[in-house]
Amino acid sequence: MCGIVAYNGPKPAQQPLLEGLKRLEYRGYDSAGIASISDGALSITKSKGRISVLEDKLNSEGNQSGVIGIGHTRWATHGSPTEYNAHPHRSSDGKIALVHNGIIENYAAIRKYLEEKNVVFESETDTEVLAKLIGQLYSTGSFTLETAVQAALREVTGAYAIAVISADEPNTLVVARKGSPMIIGITDNAFIAASDASAIVSHTTQVVTLDDYQVARLTVNGHGPEIRTTTIDNDVVNREIEELEVSLEQIELGDYDHFMIKEIMEQPQVLTNCFRGRIDGREGQIRLGGLDAFARDLVRARRIVLTGQGTAWHAALLGEYLLEDLAKIPCETEYASEFRYRNPIIDEGTVVMAVSQSGETADTLAALHEAKDRGALAIGVVNAVGSSIARETDAGVYLHVGPEIGVASTKAFLGQVAVLTLISLFIGRRRYLSPQSVAEYITELERLPGHIESILQQSDFIRDEVSKVIDRDNWLFLGRGYNYPVALEGALKLKEISYIHAEGMPAAEMKHGPIALIDEGMPVVFVAPHGSQYDKAISNIEEVRARGGRIIAVATENDTQIEQYADTVLRVPAVPEPLQPLVSVIPLQLLAYHAAVLRGLDVDKPRNLAKSVTVE
């Protein structure tokens with residue numbers, strides 16, 4: 001849960017390393033460091049805190065001049081966020097430096113083995129064990145840097161993306177991966193490798209993506225850049241050069257104060273991109289090319305299990321509601337972290353849908369492996385093209401919402417719900433839905449970008465209303481039916497970036513215990529657009545009002561009744577009930593964003609969080 005960038009080329013590495021780390025800082029920001037080789041010597045500079053602290057340290061203590069280097073920004077797993085735990089880590093002789101994403105699960109056994117050989121450790125991390133192991137092998141004289149890395153990786157259990165350099169091979173950069181992404185950008189005269197495309201796209205759009213258990217040796221000499229790709233067993237593999245789908249504009253902040261508000265405001269266009277080529281209003285059809293080959297299997301499915309973590313789990317829960325409502329298939333939603341370890345029942349006709357923005361979420365990937373091992377048809381709903389989940393599922397649908405930089409997911413959640421809606425209609429039309437019903441839903445889907453645009457115009461109003469209750473540290477988010485998962489997502493957003501304690505739950509569940517929390521002025525957010533359970537929601541609102549709670553209601557534009565009960569009303573357009581989450585979540589995203597800004601917090605880099613959770 002961190003970021004790697006590595007450079008090997010003709011110019012000093014420090015600048016592209018720092019530039020790349022700044023673009024990757026949303027993936028981890030506890031500490032950072034870079035290493036480079038100059039005149040046969042290895043230099044390492046590390047610091048606790050943000051990239052700006054590292055940059056200041058380099059300016060004050062001396063810049064690095066080497067033309068080959070590696071950099072890392074960390075989100076702590078093993079060991080506290082300190083300078084000595086920061087990456088890069090070095091071998092015992094100080095000649096090899098390594099950066100690492102992931103977790104080495106058997107690090108304790110390897111550390112004990114090395115300590116018996118009098119190897120001294122300087123940090124609390126699992127990563128240093130790998131650096132020391134590579135160094136130990138290399139020091140025997142029987143290995144090159146490439147083969148030492150291969151041999152070391154044959155001994156480790158866990159997940160890794162690594163980049164390694166050695167003062168003894170100053171023209172060689174070695175990178176490898178298993179279970180954590182690694183992309184190699186190729187220019188006419190240099191390589192820039194990274195764990196995320198955002199660190200590469202300003203240099204090149206030509207990339208090679210490593211698969212699990214693969215190692216790449218990247219050398220730059222008088223003949224230009226040369227790449228050799230192998231397995232950890234030294235079997236040569238050929239990797240094709242691909243074109244990045246990410247543009248520089250997509251990862252730039254532009255005129256916005258934060259990536260989160262940029263991504264919230266992008267959502268009308270995001271939804272248009274997500275729907276493009278997939279909804280045919282004239283023919284009344286949903287077209288999902290990624291599922292065509294498995295359409296019959298999906299129609300015949302006896303049960304669908306949706307799995308994810310965090311925001312993706314909330315989207316998956318909505319997928320359960322949608323699939324049961326529109327496609328009439330029994331569904332259940334599982335936390336991926338629980339699914340793998342509870343001996344799940346996967347019988348004939350079971351489909352497992354893995355939902356993830358990054359496509360690298362470790363828990364979801366592990367659940368996917370478990371489901372496939374038990375014979376399930378695996379479907380992916382992911383954003384990152386070429387990610388692990390996308391490659392390891394039998395079929396799937398990309399979100400096409402563009403890169404999401406803000407740690408608190410907004411546009412990816414919208415894309416996940418939109419894609420799950422399309423999948424539900426795709427299957428439903430082949431089971432029970434009439435052509436007319438699907439055509440009516442398509443008409444409503446086509447209107448959604450305009451609807452969201454109108455909701456976004458309430459941003460200033462929402463900020464003003466939030467300012468009235470920003471001092472309150474406990475909130476409830478309540479909803480019924482399709483709006484219960486929206487309430488969960490609204491509570492999560494508020495927790496993630498404003499550090500306000502918030503609980504989301506079904507509105508009817510409130511009176512079975514949580515109603516005891518309500519006191520005078522406590523903010524209670526009801527997601528209550530017009531629908532089949534509207535009257536019940538009004539009853540729940542009255543129960544809160546009777547106990548002094550302050551009601552913030554998300555309600556349909558033409559609803560005048562709710563004004564009698566709510567202190568604040570956030571308006572959304574009227575849409576069919578299965579589509580309500582696509583509009584009702586937008587005010588909650590804005591509410592969370594403005595709450596964090598009003599509290600003076602770093603919206604894009606909330607404490608203790610990282611964008612992509614690549615460890616279990």
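The residues of the chain are indexed from 1 along the displayed sequence.
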*Without swapping roles, check the side chain of S539 against the backbone of D535 for a donor-acceptor pair under 3.5 Å.*
yes
*asked:* Under the ring pair (Phe, Tyr, Trp, His ring centres under 6.0 Å) definition, can you give me all pairs with a residue in residues 426-458, not counting sequence neighbours?
replied: none
*Taking the side chain from D196 and the backbone from L24, do they hold a donor-acceptor pair closer than 3.5 Å?*
no
*asked:* Check this for me, if you would: do E496 and K493 make a salt bridge, where the nitrogen-to-carboxylate-oxygen distance has to be below 4.0 angstrom?
replied: yes
_Measuring from atom CG of L448 to atom CG of L445, what distance do you get when rounded to the nearest 0.5 angstrom?_
5.5 Å
*Knowing that exactly one of V554, I455, L579, L570 qualifies, which makes a side-chain contact (heavy atoms from CB on, under 4.5 Å) with S584?*
V554
*asked:* For Q357 and N383: C-alpha separation, side-chain torsions, deciding distance, then whether side-chain hydrogen bond (donor to acceptor under 3.5 Å, both in side chains) applies.
replied: CA-CA 5 Å; Q357 187 283 133; N383 191 38; 3.0 Å; yes
*Name the orientation class of the two ring planes belonging to Y335 and W313 (parallel below 30°, tilted from 30 to 60°, perpendicular beyond 60°).*
parallel
*How about E242: does its CD atom have over 12 heavy atoms from other parts shown lying under 6.0 Å from it?*
yes
*Are the side chain of N483 and the backbone of V486 linked by a donor-acceptor contact shorter than 3.5 Å?*
no
*E465 and T568: side-chain donor and acceptor closer than 3.5 Å?*
yes
*Would you say T204's side chain and I200's backbone share a donor-acceptor pair under 3.5 angstrom?*
no
*Do you know the tightest heavy-atom contact between G185 and V207?*
CA-CG1, 4.0 Å
*For the atom pair CD1 (I264) and CG (L456), what is the distance rounded to the nearest 0.5 Å?*
8.0 Å
*Within a strict 4.5 Å, meaning less than it, do heavy atoms of the P587 and I462 side chains meet?*
yes
*Can we say D519 and R472 salt-bridge, meaning some charged N sits less than 4.0 Å from an Asp/Glu carboxylate O?*
yes
*asked:* Less than 3.5 Å apart, any donor N or O on the side chain of Q589 or T410 sitting next to an acceptor on the other?
replied: no
*Is the closest basic N to carboxylate O distance between E19 and K22 below 4.0 Å?*
no
*Shortest non-hydrogen contact from P16 to I192?*
CB-CD1, 4.3 Å
*Mark yes or no for whether E25, through its side chain, and R50, through its backbone, hold a donor-acceptor pair below 3.5 Å.*
no
_Rounded distance (nearest 0.5 Å) linking atom CG of D280 with atom CD1 of I286_ = 9.0 Å
*L420 vs L306 side-chain heavy atoms within contact, under 4.5 Å*: yes
*Are any of the side-chain heavy atoms of E503 and L517 separated by less than 4.5 Å?*
yes
*Considering non-hydrogen atoms only, spot the tightest contact between E577 and G531 and give its length.*
OE1-CA, 3.6 Å
*Are side-chain N/O atoms of S467 and H594 paired as donor and acceptor at under 3.5 Å?*
no
*Close side-chain approach of R571 to D559, heavy-atom, < 4.5 Å*: yes
*Distance only, no hydrogens: is a donor on one side chain within 3.5 Å (strictly under) of an acceptor on the other, for T421 and S424?*
no
*Before giving the answer on side-chain contact (heavy atoms from CB on, under 4.5 Å), spell out for N273 and V401 the whole-Å C-alpha distance, their side-chain angles and the decisive distance to 0.1 Å.*
CA-CA 7 Å; N273 295 341; V401 302; over 6 Å; no
*Is it true that a side-chain atom of S387 and a backbone atom of A384 form a donor plus acceptor pair closer than 3.5 Å?*
yes
*asked:* When you measure from the side chain of N101 to the backbone of C2, do you find a donor-acceptor pair of N or O atoms at a distance under 3.5 Å?
replied: yes
*List for me each residue that meets salt bridge (charged side-chain N to carboxylate O under 4.0 Å, His left out) alongside K605, sequence neighbours excluded, and say none if there are none.*
none
*Between A301 and I329, what is the shortest heavy-atom contact and its length?*
O-CG2, 4.0 Å
*CA sep, side-chain torsions, deciding dist, call: Y321, Y484, side-chain contact (heavy atoms from CB on, under 4.5 Å)*: CA-CA 10 Å; Y321 285 31; Y484 155 52; 3.3 Å; yes
*Out of curiosity, L591 CG to R463 CZ, how far, rounded to the nearest 0.5 Å?*
13.0 Å
*Please tell me if the side chains of L322 and L425 come closer than 4.5 Å, counting only heavy atoms from C-beta onward.*
no
*Using modelled atom types only, decide if a donor and an acceptor are shared between the side chain of Q309 and the backbone of A336 within a distance under 3.5 Å.*
yes
*Enter the distance from E453:CD to I586:CD1 here, rounded to the nearest 0.5 Å.*
11.0 Å
*Between S198 and P403, is any pair of side-chain heavy atoms under 4.5 Å apart?*
no
*Verify side-chain contact (heavy atoms from CB on, under 4.5 Å) between D363 and E338, making sure each step is shown before the conclusion.*
CA-CA 9 Å; D363 290 311; E338 293 295 318; over 6 Å; no
*Do S532 and R480 come close enough that some side-chain heavy atom pair is under 4.5 Å?*
no
_Tell me whether the count of non-hydrogen atoms from other residues, nucleotides or ligands lying under 6.0 Å of CD in Q564 goes above 12._
yes
*asked:* Tell me whether E266 is salt-bridged to K411, with the criterion being a basic N under 4.0 Å from an acidic carboxylate O.
replied: yes
*With E444, which residues qualify under salt bridge (charged side-chain N to carboxylate O under 4.0 Å, His left out), at least two apart?*
R447
*asked:* Checking the side chain of Y499 only, and the main-chain atoms of R607 only, is there a donor and an acceptor separated by less than 3.5 Å?
replied: yes
*Using 4.0 Å as the upper bound for N to carboxylate O, is an ion pair formed by D473 and R599?*
yes
_Testing the basics here: between T364 and V355, what is the closest heavy-atom pair and its distance to 0.1 Å?_
CG2-O, 4.1 Å
_Pair Y398-V419, side-chain contact (heavy atoms from CB on, under 4.5 Å): steps then yes or no_ = CA-CA 8 Å; Y398 284 120; V419 164; over 6 Å; no
*Just by modelled atom types, is the A502 backbone N or O under 3.5 Å from a matching donor or acceptor in the K495 side chain?*
yes
*Flag the pair W475 / V524 as yes when at least one side-chain heavy-atom distance between them is below 4.5 Å, and no otherwise.*
no
*Pick one: which of L422, L298, I427 meets side-chain contact (heavy atoms from CB on, under 4.5 Å) with L291?*
L298
*State, to 0.1 Å, how close G549 and D567 come at their nearest heavy-atom pair, and which atoms those are.*
O-OD2, 4.1 Å
*asked:* So, taking the atom named CG in D604 and the one named CD1 in I497, what distance separates them when rounded to the nearest 0.5 Å?
replied: 8.5 Å
*Going by an N to O cut-off under 4.0 Å, is there a salt bridge joining R429 and E440?*
no
*Are side-chain N/O atoms of S409 and T311 paired as donor and acceptor at under 3.5 Å?*
no
